[in-house]
Amino acid sequence: MEIVLNILFFGILVLAIRFSSWNKKMGLKPWILPLSFVLKCGVGLIFLQFYVFQHKDAHLHTDAGAFFHESKILNSVYDESPYDYVKLMSGFGATESLSEKHLGATNHWDSGKQAIFNDNRNIIRVHAVLHYISFGSIIVHMLFFSLLSIFGVVLLFLSLRAHSALKPWVIFTMLLLFPNLLFWSSGILKEPFILFGIGALAYGLTRPIWNFNRAIFILLGLIALLCFKPYILMALVLAASVYLIYVIVPKFKLATTLIIPIALVGLFVLLFPQTVQKGTHILSRKQFDFSNVGRGGMHVRSEPDSVFYYFAPEQYKNLTISGDSIWLNTEIDAWKVKLGDLIPPVPIHVKPNEHAWLLHFDQPRANSFIEIAPIEDDPIRLLITAPAAIINALFRPIPTDPGGKLKFLVFFETVLLFGLIFWTLLRHRVLSTKERGFILSAIAFCLLLSVLIGWTTPVLGAIHRYRFPIQLALLCAVIVAWKPNFRKITL
């Protein structure tokens with residue numbers, strides 16, 4: 001029955017795409033868009049194989065499988081209490097006690113006080129809604145996520161076509177087939193919403209006439225990014241200010257565009273030191289938490305005081321583990337942690353426990369874990385470590401880095417992208433003021449995201465996933481600037 005349902009949904013979506021008005025708007029052969037969707041669905045099946053169906057490596061299936069599983073739990077709340085279900089789905093009136101009552105068995109639903117916009121909850125909510133039509137088939141979820149991302153590609157293609165000298169089919173192919181973009185946007189995580197959000201914003205902002213449809217796409221783009229990756233939206237807003245400065249100032253455009261943002265950042269640091277310190281602390285905590293997850297280790301909870309302790313993998317020999325019950329056999333040093341809060345972890349000397357601790361989280365060491373310079377709540381260290389953070393986010397992994405054989409494919413992809421950038425620098429076309437402003441804003445966007453990712457992410461596999469929007473921005477810049485069949489090379 002599930003196979004029939006999957007085939008039925010797949011066939012309906014392919015036909016809908018084939019006869020969609022968007023297919024006509026693209027101006028390409030009518031079979032290109034349906035076949036592109038088929039390709040994305042094929043890659044989506046590979047994604048599910050690695051991240052859900054295959055359970056050999058916990059680092060590969062944790063998020064995708066957990067979001068889907070926890071969405072089932074959320075969906076089942078309706079049977080117990082429709083009123084509580086509406087609260088949890090909308091977020092209005094959803095107290096911590098209500099979440100604990102119905103979703104206490106979940107790990108990804110609650111990210112605590114650090115979450116301004118809880119994108120984990122939002123992706124779980126989307127899956128919960130899809131359960132009403134998927135009847136629990138994860139493949140149907142993948143089909144709808146792939147549909148959303150292919151629509152994002154279409155919107156981005158339509159936005160760039162008028163600002164590129166490349167043939168339309170070349171633009172579409174580059175946006176569709178770049179490996180990292182194709183893989184992650186075909187899965188059931190947040191990347192399809194990122195691609196759609198960026199595409200919708202670009203489409204809405206580049207339309208020549210202001211109308212209702214244009215406003216709708218801008219609104220949809222803002223909602224998608226705000227709900228699923230607000231820091232990307234923040235980077236886009238800051239990058240947009242770079243674009244506006246470059247376009248507006250009459251003379252010395254490049255120098256002014258560089259000086260004004262740097263001066264504004266310096267002024268902000270001087271006027272709001274407490275805000276800077278708080279932001280530094282949040283980044284420090286995220287770096288610490290991610291480093292602990294990457295190194296591997298175990299979080300246990302001591303009842304009834306709900307104190308959490310962290311033990312590194314090399315300390316497991318001092319523990320007795322029986323199911324979800326943990327006993328410490330000898331005195332050792334560990335960390336006392338307030339999960340989901342902004343209180344720094346505290347080193348502590350722990351003695352053997354009389355009552356069993358409850359296993360909360362256990363993770364093996366990530367295969368591609370690297371040590372990164374700790375921030376340690378010091379804003380100066382943010383500045384000092386920024387260059388290394390940018391290099392990590394843009395260029396690693398390299399062949400000598402830790403990790404499996406996939407790192408060689410990732411390295412080849414990086415060489416391909418920056419090879420295209422270098423070639424474009426040699427063979428660029430004459431750009432308008434707005435197009436040069438776009439290139440500068442794309443660079444600013446990439447640097448902002450790179451430093452954020454590099455500061456907080458010590459796992460190279462995660463870095464490769466998180467730089468998805470960076471690669472998309474660089475690819476868009478290449479599409480705008482590249483002049484094909486240009487005989488004379490200019491610098």
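By convention here, the first residue in the shown sequence is residue 1.
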Tell me whether Ser20 contacts the main-chain N or O of Ile17 through its side chain, where contact means a donor paired with an acceptor under 3.5 Å. no

Are Trp109 and Ser99 linked by a side-chain donor-acceptor pair shorter than 3.5 Å? yes

Minimal non-hydrogen separation, Ser159 against Ala202, with atom names: OG-C, 3.2 Å

Not counting sequence neighbours, which residues clear ring pair (Phe, Tyr, Trp, His ring centres under 6.0 Å) with Phe288? List them please. Trp335

List the steps and the verdict of side-chain contact (heavy atoms from CB on, under 4.5 Å) for Ile46 and Phe50. CA-CA 6 Å; Ile46 297 173; Phe50 274 100; 3.8 Å; yes

Mind listing the closest non-hydrogen atom pair of Phe290 and Ala462 along with its distance? CZ-CB, 3.7 Å

Mark yes or no for whether Arg381, through its side chain, and Pro374, through its backbone, hold a donor-acceptor pair below 3.5 Å. yes

Sequence neighbours excluded, the answer for ring pair (Phe, Tyr, Trp, His ring centres under 6.0 Å) partners of Phe37 is none

For Ile198 versus Pro469, what's the shortest heavy-atom pair and its separation? CD1-CB, 4.3 Å

Residues in side chain to side chain contact (heavy atoms under 4.5 Å, CB included) contact with Asn318, at least two apart in sequence or another chain: Gln315, Leu328, Thr330, Ile332

Quick one: list whatever passes side chain to side chain contact (heavy atoms under 4.5 Å, CB included) with Ile7, sequence neighbours left out. Ile3

Within a radius of less than 6.0 Å around CZ of Phe418, do more than 12 heavy atoms belonging to other residues, nucleotides or ligands occur? yes

Taking only residues two or more places apart in sequence, or in another chain, which ones meet Lys229 in a salt bridge (Lys or Arg N to Asp or Glu O under 4.0 Å)? Asp119

Let me confirm one number: the CD-CD distance from Gln287 to Glu376, rounded to the nearest 0.5 Å. 8.5 Å

Under the side chain to side chain contact (heavy atoms under 4.5 Å, CB included) test against Val140, which residue among Leu8, Asn6, Leu13 passes? Asn6

Do Phe47 and Phe183 have ring centres separated by under 6.0 Å? yes

Mind checking whether His428 and Trp482 have side chains closer than 4.5 Å, heavy atoms only? no

Between CG of Leu143 and CD1 of Ile138, what distance do you get to the nearest 0.5 Å? 11.0 Å

What pairs with Ala224 under side chain to side chain contact (heavy atoms under 4.5 Å, CB included), at least two apart in sequence or on another chain? Phe196

Contact list for residues 446-456, test side chain to side chain donor-acceptor pair (under 3.5 Å), sequence neighbours left out: Thr385-Trp455

Using side-chain contact (heavy atoms from CB on, under 4.5 Å), reason through Ile372 and Thr457 one step at a time and then give a plain yes or no. CA-CA 8 Å; Ile372 57 177; Thr457 312; over 6 Å; no

side-chain hydrogen bond (donor to acceptor under 3.5 Å, both in side chains) partners of Thr320, counting only residues at least two apart: Asn329

Considering all heavy atoms of both residues, which atom of Val154 and which atom of Met26 are nearest to each other, and what is their separation? CG2-SD, 3.7 Å

Checking ring-ring contact (aromatic ring centres under 6.0 Å, His included) against Trp184, which of Tyr466, Phe193, Tyr51 comes through? Tyr51

Could you list the residues that satisfy side-chain hydrogen bond (donor to acceptor under 3.5 Å, both in side chains) with Ser284, not counting sequence neighbours? Asp377

Side chains of Tyr316 and Met298 in contact at under 4.5 Å (non-hydrogen atoms): yes

Is the terminal nitrogen or CZ of Lys25 (NZ for Lys, CZ for Arg) located under 6.0 angstrom from the six-membered ring centre of Trp22 and within 45° of that ring's axis? yes

Nearest 0.5 angstrom please: Leu130 CG to Ser137 OG, how far? 11.0 Å

Run the side-chain contact (heavy atoms from CB on, under 4.5 Å) test on Ile470 and Leu474 for me, step by step, so that the C-alpha distance in whole Å, both residues' side-chain angles and the decisive distance to 0.1 Å come before the verdict. CA-CA 6 Å; Ile470 297 174; Leu474 292 175; 4.2 Å; yes

CA sep, side-chain torsions, deciding dist, call: Leu28, Asn23, side-chain contact (heavy atoms from CB on, under 4.5 Å): CA-CA 8 Å; Leu28 301 175; Asn23 201 9; 6.0 Å; no

Can you see which heavy atom on Gly187 is nearest to which on Pro192, and at what distance? O-CG, 3.6 Å

pair Cys476-Leu156: side-chain heavy atoms closer than 4.5 Å: yes

Taking salt bridge (Lys or Arg N to Asp or Glu O under 4.0 Å) as the definition, give me every residue that meets it alongside Arg436, ordered by chain and number, with sequence neighbours left out. none

Could you tell me whether Tyr310 and His299 have their ring centroids closer than 6.0 angstrom? yes

Partners of Ile398 by side chain to side chain contact (heavy atoms under 4.5 Å, CB included), sequence neighbours excluded? Thr400, Asp401, Phe411

Nearest 0.5 Å please: distance from the NZ atom of Lys407 over to the CG atom of Asn367. 8.5 Å

Tell me, do Tyr309 and Trp357 make a side-chain contact under 4.5 Å, heavy atoms counted? yes

Which residues share a side-chain hydrogen bond (donor to acceptor under 3.5 Å, both in side chains) with His141, sequence neighbours left out: His127, Ser134

Hey, are the side chains of Ser185 and Phe468 touching, using non-hydrogen atoms and a 4.5 Å cut-off? yes

CG on Leu176 to CZ on Phe157, rounded to 0.5 Å: 11.5 Å

I'd like to know if the side chain of Glu413 reaches the main chain of Asn180, judged simply by a donor and an acceptor atom lying under 3.5 Å from each other, with no hydrogens or angles considered. yes

What are the two closest non-hydrogen atoms of Ser164 and Arg429, and how far apart are they? N-NH2, 4.0 Å

State, with a plain yes or no, whether a side-chain heavy atom of Leu222 is found less than 4.5 Å away from one of Leu233. yes

Are any of the side-chain heavy atoms of Leu103 and Ile124 separated by less than 4.5 Å? no

Atom pair CZ (Phe422) and CG (Leu417), whose distance is rounded to the nearest 0.5 Å: 14.0 Å

Test item: Thr414 and Arg467 side chains (from C-beta on) under 4.5 Å apart, heavy atoms: yes

